[in-house]
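Residue numbering restarts at 1 for every chain, and letters A, B, ... go by the order of the sequence lines.
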Amino acid sequence: MPMFEARQLSCRKGAHTLFRHLSLQLAAGDILHVRGHNGSGKTSLLRILAGLARAEHGSLWWQGVAQAADGAEQRQRVGWLGQRPGFKDALSAAENLADCQALHQQPPSAGAIRLLLQHWGLQASAAQASADLSQGQRQRLSLALLQLRAAPLWVLDEPFNALDEPGCTLLWDMLQQHVRHGGIAILSHHAALPACTAQLWLGSAA
Amino acid sequence: MNWQQWRTLCLRDIRLAMRRPGETLHVLFFFIMTVTLFPLASSPSATTLQAIGPGVLWVCAVLACLLLLGELLESDWRDGALEALLFMPLNLPLALSAKIVARWLCGALPLVIVSPLLGLQLELPASVLPMLAGTLALGTLALLFIGAPGAALILGTRNGGMLLGLLILPLFLPVLIFGALAVAGAQAGRSVEAELSILLALTLLTVFFSPLATAACLRLACE
Amino acid sequence: MKWDSLSAFMAMGGYGFYVWSAVALALLMVLGELCWLRHSQHSLHHRLRQQPNTAPDRGWHTGQ
Amino acid sequence: MTFNWRRYASPPHCYRLISRILPALWAISLLLGVAGLLTGLLLAPGDVQQGEGYRIIFIHVPASWMSMIIYLAIALWAAVGLVLNTSLSFMLMTALAPTGAAMTALSLLSGALWGKPMWGAWWVWDARLTSELILLFLYLALLALRAAIDDPRRADRACALFALFSVINIPIIYFSVRWWNTLHQGPSITMGQAPAMSDQVLLGLVLMTLAAWAYSLAMSFSRLRLLILQRQADTGWVKQLTGACR
């Protein structure tokens, strides 16, 4: 029985329909790569799967249990990475991580935060306001926040944007580790990703 | 959702307001300037000022609250912190009430602290000033809570700021009417027991119910 | 019949201006909404016939 | 065969149903309007205090009632739309709003026309008239919110949420305006109670109210037809329909 399932999803943007009767099943340890040219509805699909947006028709199922249409239950299980950074520019990286820790009811531990910052190469500018970080560093901070949340289902919208070579390898290691621990990842990326277990083409296939 | 999360959110917003005091200070200066416009526009004579005093202070406080509400969710919406809030294990209405209270502490309390000085400028008798500050403190809290759903509705729309005024000014009227009446009544020596209790009732009503509407509007805005 | 002559009816006991302008306003409102409806109908049918997938619509008034 | 009401929740069926009853609705509203005006202006006797000027109530009172009832209808359809997630109820809500705004404006203007001969002032700070003015602001806010959001689905839900949130505030607003009015003006300047209701006046009022009801329904349903076509532009039946009447 698949861990996460979507049935007969359909989504409309204004007067025209992006996709219809879209179904997918994902078991623990799967990485789904959503592909499609611009405007094919990749982001809309990801927002529906994350429980942010509401599909025109269709439903989401988690371990065989149908999820409420407003997406509240679904969002508790999802680690979301969208186009927007998701942290406050005026606060420093360390403060953002500490707030995220507190808001997720995790015991506050400076050690875990220091480890995360070192892992993502942000310890040098940990005290700087996040606004002064480079675009790549800001993406790394978003990924660090995602790792801190430790959600079973990750929905990532173009996570490789603005990442340099070491950043991409760090992201891959995190994905592999997440999937090895029985998690699921759904991500969209414009280029081919060989290590993904499944692919989903939106719009007319290339 | 436990109170430690509520405190974290509230403290985070207060820290943000302290880090960038510009936003809250420009609302305070706006309040002071608009109040001083009225004597210049009408006449500095004590009788006129005393007649229009309470109304002027309350209208300017309402307009200042409108500015505060414009900023309430805008910055969190732009950098995705609101989206992140939706994924956290917390009760969304309660979380939003934390943000509104933080905005009230940083943005509205300075207005309340300054209002007695402006009251003196408008020839209000000294005995009325504590009533003025008290009703403004209660009233601005009610105004911020009433306006929060409107602030959430205009996220992501074109010219949201102008639309916000049109959306929530009609809803501000009950608080404005009873607040101004309370101060005017105190000034005239009447017992303002009734107006104060209705103002308190309005504040409690909005503090408990409008976060639910704000949460619904927010989920819609983040779709 | 209350009025004995047309002129008395028009004068409406001295309040003619107010009563007739109220009636005129009501008719104006009805005609205004009908014209607005006609305008929306034309631009909608024009747009529907022109290209099958229409631009994102904007609710009750069809934008130019 | 049990009559399945749900069938009319789907836009194509609803479109056909409306197209069938629309001509009849327009005819009824015209008939009632003419009958109401005739009884009001021709048959009804003059009022002893207000002379002939009171005849404006045949325009003012139905318009005020309709402006209030339409806002409640908007809030009802907003709630139905949010609960059942049917796009048709949002469309009906959107179709009702302009007519409600027009009725409110008409009620305010006719109120001013009535106030001038009676109290010598175009605008009277009466509790009912002031609340009517605030209702107009709420209608304008609803229409502005509708126009500010492009994506129709999101605009529907935003308007629905605002309509529900504001309809709960209307009684509070009316209560506070009445309190403010009685405190400052005292009961002297109010619109006064309805004039002595002879049966012709009552008949005129009832006819005009029914005319206002029929007119609002007819106008809203006409606008609803357009909205259905617009919203279902890419579906087969609309293409076939518009193609057919090329």
Legend entry - B:Ala180, part contacting chain D, at a heavy-atom distance under 4.5 Å: neither
Legend entry - When D:Ile168, D:Leu140, D:Leu161, D:Ile170 are compared by non-hydrogen pairs under 4.5 Å with chain B, the top option: D:Leu161
Inset, instruction - Report yes if some heavy atom in the side chain of B:Leu167 is under 4.5 Å from a heavy atom in the side chain of D:Phe162; otherwise report no. - result: yes
Inset, instruction - Determine the minimum heavy-atom distance between D:Asp150 and B:Arg158, stating which atoms define it. - result: OD1-NH1, 3.1 Å
Legend entry - Heavy-atom proximity to chain D below 4.5 Å, by part of B:Ile168: neither
Inset, instruction - Please state whether the side chain, the backbone, both or neither of B:Ile177 comes within less than 4.5 Å of a heavy atom of chain D. - result: side chain
Inset, instruction - With a 4.5 angstrom heavy-atom cut-off, could you sort out which part of B:Leu163 is near chain D: side chain, backbone, both or neither? - result: side chain
Legend entry - Crowding at CZ, B:Phe30 (>12 non-hydrogen neighbours, <6.0 Å): yes
Inset, instruction - Mark yes when over 12 heavy atoms from residues, nucleotides or ligands other than D:Arg154 sit less than 6.0 Å from its CZ; otherwise mark no. - result: yes
Legend entry - Contact class of B:Arg190 relative to chain D, heavy atoms under 4.5 angstrom: side chain
Legend entry - Distance-minimising heavy-atom pair for D:Trp179 and B:Leu181: CD1-CD1, 3.5 Å
Inset, instruction - Answer yes or no: is there a side-chain heavy-atom contact under 4.5 Å between B:Leu171 and D:Leu138? - result: yes
Inset, instruction - Provide the closest heavy-atom pair for D:Ala148 versus B:Thr157 in the form atom of the first, atom of the second, distance. - result: O-CB, 4.0 Å
Legend entry - Part of B:Leu176 lying under 4.5 Å from any heavy atom of chain D: neither
Legend entry - Closest heavy-atom pair and its distance - B:Pro170, D:Ile134: CB-CG2, 4.0 Å
Inset, instruction - Name the option with the most non-hydrogen atom pairs under 4.5 Å to chain D; the candidates are B:Pro149, B:Ala213, B:Gly156. - result: B:Pro149
Inset, instruction - Would you indicate whether the side-chain heavy atoms of D:Val177 and B:Leu173 approach each other to under 4.5 Å? - result: no
Legend entry - Contact class of D:Phe165 relative to chain B, heavy atoms under 4.5 angstrom: side chain
Legend entry - Leading residue by heavy atom contact count with chain D [cutoff under 4.5 Å; candidates B:Leu220, B:Ile198, B:Leu153]: B:Leu220
